[in-house]
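Remember, it's 1-based here, ligands and their atoms both numbered in the order they're listed.
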Amino acid sequence: MAESISIESGAPKEIKYEQLLPQIFALIEGEQDEVAVLSNVAAALHQSFANLWTGFYLVRKDVLKLGPFQGPVACMTIDVGKGVCGQSWERGETIVVADVDRFPGHIACSSESRSEIVVPIKDSNGQVKAVLDIDSAHLNSFDTFDRRYLEQLCDHLANILY
Ligand code: SME
């Protein structure tokens, strides 16, 4: 049976992540199927933070394809170097966008999106296999705490999946 995720709703972001990550690690322990793991991680992040969209794009040959997500319908294919996701994939780096209107080439899957963070998930050879993308309906939603904890989460996902 699936365990439920529970964090203090009014707690500071750092505390929420400290509470959430061990629960996510326990939830996915022993599972190595990409769709099963990424689906539950997207759901756990989405129900814990009031963001607009939370999900994964998966490297499929020379493009990113929409993977497990929570939120409004989204673009299904993103080319390398395009948008925040395609640039994160190309550079192999996390990208934090405080204001999507100021990010050249941002792909607006939703007109409500105002800020965004994209974190690459790399295999042991440093090849990007997927990216985690979180969109917020508010400006400047993502900071060094999000970067630190989401990179920790993506390192863990890389270790068990790729
Ligand atoms: N905004 C992203 C596209 C994906 S959607 O936000 C879900 C980008 O610029 O890559």
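Ranking the protein heavy atoms by distance from atom 5 (S) of ligand 1 puts C109 SG, 3.0 Å first.
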Between D99 and R102, is a salt bridge (Lys or Arg N to Asp or Glu O under 4.0 Å) present by the stated rule, with each step listed? CA-CA 6 Å; D99 179 350; R102 292 173 178 269; 3.5 Å; yes

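Only the side chain of D133 comes within 4.0 Å of ligand 1, counting heavy atoms alone; its backbone N, CA, C and O stay farther away. Proximity of Y57 to ligand 1, defined as any heavy-atom pair under 4.0 Å, is confined to the side chain (atoms from C-beta onward).
Nearest heavy-atom pair across V59 and A130 is CG2-N, 4.0 Å.
For E116, a nitrogen or oxygen atom sits less than 3.5 Å from a nitrogen or oxygen atom of ligand 1, counting backbone and side chain alike. Between C85 and ligand 1, at least one pair of N/O atoms sits closer than 3.5 Å.
Near W53, meaning under 4.0 Å from one of its heavy atoms, ligand 1 places the atoms 7 (C). Near H106, meaning under 4.0 Å from one of its heavy atoms, ligand 1 places the atoms 1 (N), 9 (O).
With salt bridges taken as basic N to acidic carboxylate O contacts below 4.0 Å, none links D135 and R114.
Inspection of the Q23 and S6 side chains reveals no N or O donor paired with an N or O acceptor under 3.5 Å.
For the pair S113/W53, no side-chain contact is recorded, criterion being any heavy-atom separation below 4.5 Å from C-beta on.
When I107, V84, D135 are ranked by how near their heavy atoms come to atom 3 (C) of ligand 1, first place goes to I107.
The ring pair (Phe, Tyr, Trp, His ring centres under 6.0 Å) check on F103 picks up nothing, with sequence neighbours excluded.
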